[in-house]
Amino acid sequence: MRLRNKQWAKPLILAHPEMILVRPEKMQGHWQSRFDQARPLYLEVGSGKGQFIVEMAKTHPDRNFIALELQEAAVAMILKKQVALKLPNLQLVLGDGADLTDYFSEGEEGEIDGLFLNFSDPWPKTRHEKRRLTYRDFLRQYQAIMKPDALLQFKTDNQGLFEYSLVSMNHFGMTFDLVSLNLHHDKRVTDNVPTEYEEKFSADGGRIYELVAHFKH
Ligand code: SAH
């Protein structure tokens with residue numbers, strides 16, 4: 001998903017340093033200080049326009065959320081919503097999911113209690129495998145910043161990316177908590193929060209896949 005640049009995006013981001021950080025450095029171990037109080041911390045990589053993370057923050061006031069997004073125009077759309085809502089448990093980051101270990105502390109100090117990937121770009125060409133957010137180098141970074149029993153939740157409409165991710169996560173030694181081949185008709189899932197993409201695709205009759213997994217054996 002590529003959004004057209006928005007003239008107002010950069011000034012809005014610069015005007016709200018209390019809500020959004022740009023490629024944050026030296027934040028490792030200090031993320032809880034960005035919120036009004038410390039709570040379990042959940043990260044979404046590739047939030048798009050933010051429908052999912054905003055709804056999650058509203059329905060889970062007992063958790064803190066970070067929306068990480070690469071595109072300035074997209075994260076500015078989330079910021080616009082947050083300027084109006086002022087949710088105390090939502091923070092935004094303009095940055096790259098490939099740099100997670102620059103942003104969050106690793107290992108024993110792992111700060112992340114749960115990580116979401118929603119409708120990540122499929123990068124179908126084999127030569128672009130390394131850009132897929134479930135490629136092993138990304139999994140390695142997720143593992144580094146997540147607490148040992150934290151869950152990774154991945155949703156997609158793309159069968160190719162789903163199958164690839166299943167294999168990649170399995171090879172990495174992850175344990176699956178849920179594999180759903182048709183999320184919207186899956187009786188095991190009762191608390192699904194749809195994303196923008198998800199609503200669009202399922203309205204057209206498309207099938208949604210979901211994986212939930214963790215790193216600890
Ligand atoms: N999650 C949203 C958007 C899906 S489109 C939804 O379901 O509606 C995928 C999004 O991931 C795009 O907005 C894209 O800019 C973002 N993205 C892709 N690679 C990324 C990366 N390495 N780091 C952060 N965001 C990324």
Side-chain angles (χ1 to χ4, degrees), residues 1-6 9-10 13 20-25 27 31 42-59 65-82 90-104 112 114-125 127-146 152-162 164-165 168 180 183-184 189 191-204 206-212:
M1 181 196 69
R2 276 260 138 228
L3 292 184
R4 197 171 302 168
N5 279 338
K6 294 178 170 60
K10 203 182 287 290
I13 291 168
I20 181 164
L21 292 174
V22 179
R23 299 195 174 268
E25 284 172 15
M27 277 305 293
W31 282 98
Y42 290 77
L43 171 68
E44 183 185 25
V45 179
S47 299
K49 298 177 193 166
Q51 178 177 314
F52 173 83
I53 203 80
V54 166
E55 187 57 31
M56 289 294 282
K58 282 185 192 165
T59 48
F65 293 91
I66 298 176
L68 174 69
E69 174 53 56
L70 196 57
Q71 290 185 72
E72 185 181 78
V75 82
M77 301 282 289
I78 316 178
L79 179 56
K80 218 169 164 183
K81 293 175 190 163
Q82 174 64 340
L90 177 62
Q91 282 286 320
L92 315 183
V93 175
L94 174 58
D96 193 334
D99 300 331
L100 286 179
T101 49
D102 295 344
Y103 307 152
F104 299 96
I112 303 300
L115 195 143
F116 303 105
L117 301 173
N118 290 318
F119 301 84
S120 312
D121 300 313
W123 295 109
K125 294 195 175 106
R127 68 186 158 89
H128 291 147
E129 179 191 0
K130 292 181 178 177
R131 299 183 190 179
R132 298 176 195 153
L133 291 186
T134 49
Y135 178 64
R136 61 163 192 265
D137 289 3
F138 282 99
L139 297 181
R140 209 172 280 134
Q141 293 212 47
Y142 305 152
Q143 181 178 35
I145 65 166
M146 285 167 82
L152 171 65
Q153 182 188 298
F154 169 70
K155 292 198 278 187
T156 184
D157 63 300
N158 188 288
Q159 190 183 341
L161 182 65
F162 175 73
Y164 171 82
S165 304
S168 180
S180 181
L183 179 62
H184 292 180
V189 181
D191 57 352
N192 182 50
V193 172
T195 78
E196 264 118 13
Y197 256 57
E198 183 171 352
E199 286 194 341
K200 237 181 273 169
F201 280 111
S202 52
D204 296 341
R207 173 204 285 244
I208 308 297
Y209 303 91
E210 183 172 68
L211 293 176
V212 180

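Computed over heavy atoms, backbone and side chain alike; hydrogens, waters and symmetry mates excluded. Whatever order the structure lists ligands and atoms in, that order sets their numbers, starting from 1.
The aromatic rings of F119 and Y197 are tilted relative to each other, their planes meeting at an angle between 30° and 60°.
From Y103, atom OH reaches atom CG of D96 across 6.0 Å, with rounding to the nearest 0.5 Å.
The protein residues lying under 4.0 angstrom from ligand 1, judged by non-hydrogen atoms, are M1, E44, G46, S47, G48, E69, L70, Q71, G95, D96, G97, N118, F119, D121, L133, T195, E196, Y197.
Annotation: salt bridge (Lys or Arg N to Asp or Glu O under 4.0 Å) contacts involving residues 133-146, sequence neighbours excluded, comprise D137-R140.
The closest donor-acceptor contact from the side chain of S168 to the backbone of T134 lies under 3.5 Å.
A salt bridge links K81 to E196: at least one charged side-chain nitrogen sits closer than 4.0 Å to a carboxylate oxygen.
A 6.0 Å sphere centred on NZ of K6 holds more than 12 heavy atoms belonging to other residues, nucleotides or ligands.
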